[in-house]
*Asks:* 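Submitted below is the structure of interest, expressed as structure tokens.
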Amino acid sequence: MEADIRDIKLAPYGHTKIEWVKNNMPLLRGLEKEFSETKPFAGVRISLSIHLEPKTAYLCKVLAAGGAEMSITGSNSLSTQDDVCAALVEDGLKVFAYHGATEEEYARHIEMCLEHKPHIIIDDGGDLVGLIHEKRPDLGECCWGGCEETTTGVIRLKAMERDGVLKFPMVAVNDADCKHLFDNRYGTGQSVWDSIMRNTNLIVASKTVVVIGYGWCSKGIAMRAAALGARVIVTEIDPVKAMEAKMDGYDVMKMDQAAPLGDIFVTATGCKHTITVPQMRTMKDRAILANAGHFNVEIDMAGLEEAAVSSYETRKNITGYVLPVDPDDPDGECKLINVIGEGKLANIAAGDGHPAEIMDLSFAVQALSALYIKEHAGALPKAVIDVSEEIDDVIARRRLDAWGIEIDQLTPEQEAYLNSWQF
Ligand code: NAI
């Protein structure tokens, strides 16, 4: 089967969406032009699993322009856009995804995507790599390597490397400066608030926002919350990050202390159960909860569903859970706890994801890292590999060029001075 999508007639809407992001992704446009001329991926099979929306679609088209034979799936069925899938299929690419696929259907799509027997994998959260290692080790034999988009995926790959089970090299795209400094911080910072604001239609100014974690994503989320006029409280487990948050001007405290104070809670840690049901019972009535971490385990959704006496759609993309304050008295006082996008990544499952200009940077790192794997096929260790400094440098310079910004260069004297050890 060549594709598993819902409705090819949606393709015109998808093409328009892809055209919009293309016009705002100068780095990928430049790579598309280069790749079209040089065809560096001719005969190379690439399987990709990333949130299947217009920016990802354009990355797929850029790789295909370079000769790659693409096989594509999403990385979360709620973020898959059917019209975008249809546009890719119309362009001759293989797509296995549709919006709202069940867990079983999603797993089937991942399997179908891998039937392609990829030389290169482009993953977001480790679903493709996980399936090869758990169920289809034979596919690891023909795979030269892959690229991982996000923090959570890289953490898992490093655990696999430590246990000596990683079957092929994986480039940690997330760890490139041109990725996490911009995508995780400014991308998540903006798009999470875009999602919260459009889904709630409420004011952020005057509210107390609790940001859980103070890593790259949470820094952006806290920064934008403060800029919107909120009082920001940060919770952390790392003393250095906690100190950083304090120095950046936020209140820092334990989650148990923050729970009764917040109006809006945003978690972005990569950890599980950062917001627990006992903490939700102490929250204000009508508190709003959003997750920006990769998996829907940060808010204890299973616990909340079990503990709530009822739930209903309070607004599009928001579920309100009626939660008794006292677990032993379900008929007593209750709080309404509002969760955006089922506790999945709020900015992607209930929003448009990162801005196009941000994904331009991240996907330029992906495209050049895929090229790096192709050029070094068979020569790389079965390990998690850093993106080379040259790739970060090239991307940053091209982005500055696109803005029309020139920067200084070291003079030979300055270079000699910086390289000398004499005092
Ligand atoms: P990071 O490693 O920079 O930061 C995570 C922070 O959470 C660390 O400072 C850590 O100490 C803290 N933390 C861990 N457990 C905690 C707990 N129980 N309570 C409080 N703090 C805790 O990671 P980064 O890059 O910020 O990514 C976080 C998550 O967001 C990951 O799952 C990543 O895959 C995901 N992500 C989501 C994006 C989106 O579009 N929503 C974009 C990029 C990453």
Side-chain angles (χ1 to χ4, degrees), residues 49-51 53 55-56 74-76 78-79 123-127 148-159 172-196 210-224 233-246 248 250 252-259 262 265-276 279 290-300 340-341 343-356 358-359 361-363 365-366:
S49 160
I50 299 186
H51 300 284
E53 41 78 71
K55 291 149 267 173
T56 305
S75 62
N76 179 327
L78 282 188
S79 61
D123 222 349
D124 183 359
D127 284 347
E148 171 53 53
E149 171 81 3
T150 198
T151 315
T152 286
V154 171
I155 289 171
R156 292 189 165 189
L157 290 171
K158 287 186 175 159
V173 166
N174 179 74
D175 296 354
D177 285 347
C178 282
K179 203 282 184 179
H180 68 270
L181 290 180
F182 304 94
D183 174 311
N184 301 31
R185 183 165 41 170
Y186 299 107
T188 315
Q190 176 167 319
S191 60
V192 161
W193 285 107
D194 171 45
S195 164
I196 293 172
V210 178
V211 178
I212 298 144
Y214 204 61
W216 290 112
C217 292
S218 344
K219 279 189 180 115
I221 295 164
M223 176 171 51
R224 294 303 184 232
I233 298 174
V234 171
T235 74
E236 250 295 346
I237 47 143
D238 178 328
V240 176
K241 299 276 176 61
M243 203 167 74
E244 217 183 338
K246 180 71 186 158
D248 283 344
Y250 307 123
V252 179
M253 62 185 75
K254 291 179 75 155
M255 183 57 194
D256 280 348
Q257 295 170 300
F265 294 79
V266 189
T267 173
T269 66
C271 189
K272 71 182 282 198
H273 296 182
T274 57
I275 307 180
T276 64
Q279 286 161 346
N291 168 41
H294 189 77
F295 288 115
N296 61 338
V297 294
E298 305 213 6
I299 302 170
D300 179 7
I340 298 182
K344 298 181 180 175
L345 296 123
N347 57 330
I348 300 174
D352 272 345
H354 287 356
I358 290 288
M359 293 318 294
L361 288 166
S362 304
F363 285 165
V365 181
Q366 283 283 10

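Start at 1 and go down the list; that is how both ligands and their atoms are numbered.
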*Asks:* Heavy-atom distance to atom 41 (N) of ligand 1: which of A292, A290, A346 wins?
*Replies:* A292

*Asks:* Please state whether H354 comes within less than 4.0 angstrom of ligand 1, counting heavy atoms only.
*Replies:* yes

*Asks:* Closest non-hydrogen protein atom to atom 19 (N) of ligand 1, residue and atom name please, with distance?
*Replies:*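 The closest heavy atom on the protein side is I237 CG2, 3.8 Å.
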
*Asks:* Between E148 and T150, is there a donor-acceptor pair closer than 3.5 Å when you use the side chain of the first and the backbone of the second?
*Replies:*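 Pair found, side chain donor or acceptor close to backbone of T150.
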
*Asks:* Please work out, at 4.0 Å between heavy atoms, whether the side chain, the backbone, both, or neither of I348 comes within that distance of ligand 1.
*Replies:*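 Side chain only.
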
*Asks:* What protein heavy atom sits nearest atom 4 (O) of ligand 1, and how far away is it?
*Replies:*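 Of the protein heavy atoms, G215 CA, 3.1 Å lies nearest.
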
*Asks:* Check ligand 1 against T150 and write out every atom of the ligand that is under 4.0 Å from a heavy-atom position of the residue.
*Replies:* 33 (C), 34 (O), 35 (C), 36 (N), 43 (C), 44 (C)

*Asks:* Tell me yes or no: between the side chains of N184 and N174, is some donor less than 3.5 Å from an acceptor?
*Replies:*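 Result is yes, a qualifying pair exists.
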
*Asks:* Hey, is K241 one of the residues with a heavy atom under 4.0 angstrom from ligand 1?
*Replies:* yes

*Asks:* Spell out, as yes or no, whether a donor-acceptor pair under 3.5 Å connects the side chain of K179 to the backbone of E149.
*Replies:*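 Checking the backbone N and O of E149 against the side chain of K179, a donor-acceptor pair under 3.5 Å is found.
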
*Asks:* For the pair H51 and T56, evaluate side chain to side chain donor-acceptor pair (under 3.5 Å) and give the outcome as yes or no after the intermediate values.
*Replies:* CA-CA 7 Å; H51 300 284; T56 305; over 6 Å; no

*Asks:* Between H273 and T276, what is the shortest heavy-atom contact and its length?
*Replies:* O-CG2, 3.6 Å

*Asks:* State the atoms of ligand 1, each with its element, that fall below the 4.0 Å cut-off from a heavy-atom position in A268.
*Replies:* 28 (C)

*Asks:* Give the atoms of ligand 1, by number and element, whose distance to some non-hydrogen atom of C271 is under 4.0 Å.
*Replies:* 15 (N), 18 (N)

*Asks:* Show me which atoms of ligand 1 lie under 4.0 Å from any heavy atom of N347.
*Replies:* 39 (C), 40 (O), 41 (N)

*Asks:* Just say parallel, tilted or perpendicular for the rings of W216 and H180, cut-offs at 30° and 60°.
*Replies:* tilted

*Asks:* May I ask you to list the atoms of ligand 1 that are less than 4.0 angstrom from any heavy atom of N184?
*Replies:*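 Those of ligand 1 that fall under 4.0 Å from N184 are 25 (O), 43 (C), 44 (C).
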
*Asks:* Can you check whether K179 has an N/O within less than 3.5 Å of an N/O in ligand 1?
*Replies:*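 Such a contact does not occur with ligand 1.
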
*Asks:* Short question: side chain of E298, backbone of T269 - any donor-acceptor pair under 3.5 Å?
*Replies:* yes

*Asks:* Heavy atoms, side chains only, cut-off 4.5 Å: are H354 and N347 in contact?
*Replies:*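 Sidechains of N347 and H354: in contact.
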
*Asks:* Between the side chains of S362 and D183, is a donor N or O closer than 3.5 angstrom to an acceptor N or O?
*Replies:*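 On atom types as modelled, these side chains qualify, holding a pair under 3.5 Å.
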
*Asks:* Does the side chain of K219 come within less than 4.5 Å of V211's, by heavy atoms?
*Replies:* no

*Asks:* Just go through T269, T274, N174, L345 and tell me whose heavy atom is the nearest to atom 5 (C) of ligand 1.
*Replies:* T269

*Asks:* At a 4.0 Å threshold, what atoms of ligand 1 neighbour a non-hydrogen atom of D238?
*Replies:* 11 (O)

*Asks:* Determine whether the side chain, the backbone, both or neither of D183 has a heavy atom under 4.0 Å from any heavy atom of ligand 1.
*Replies:* side chain

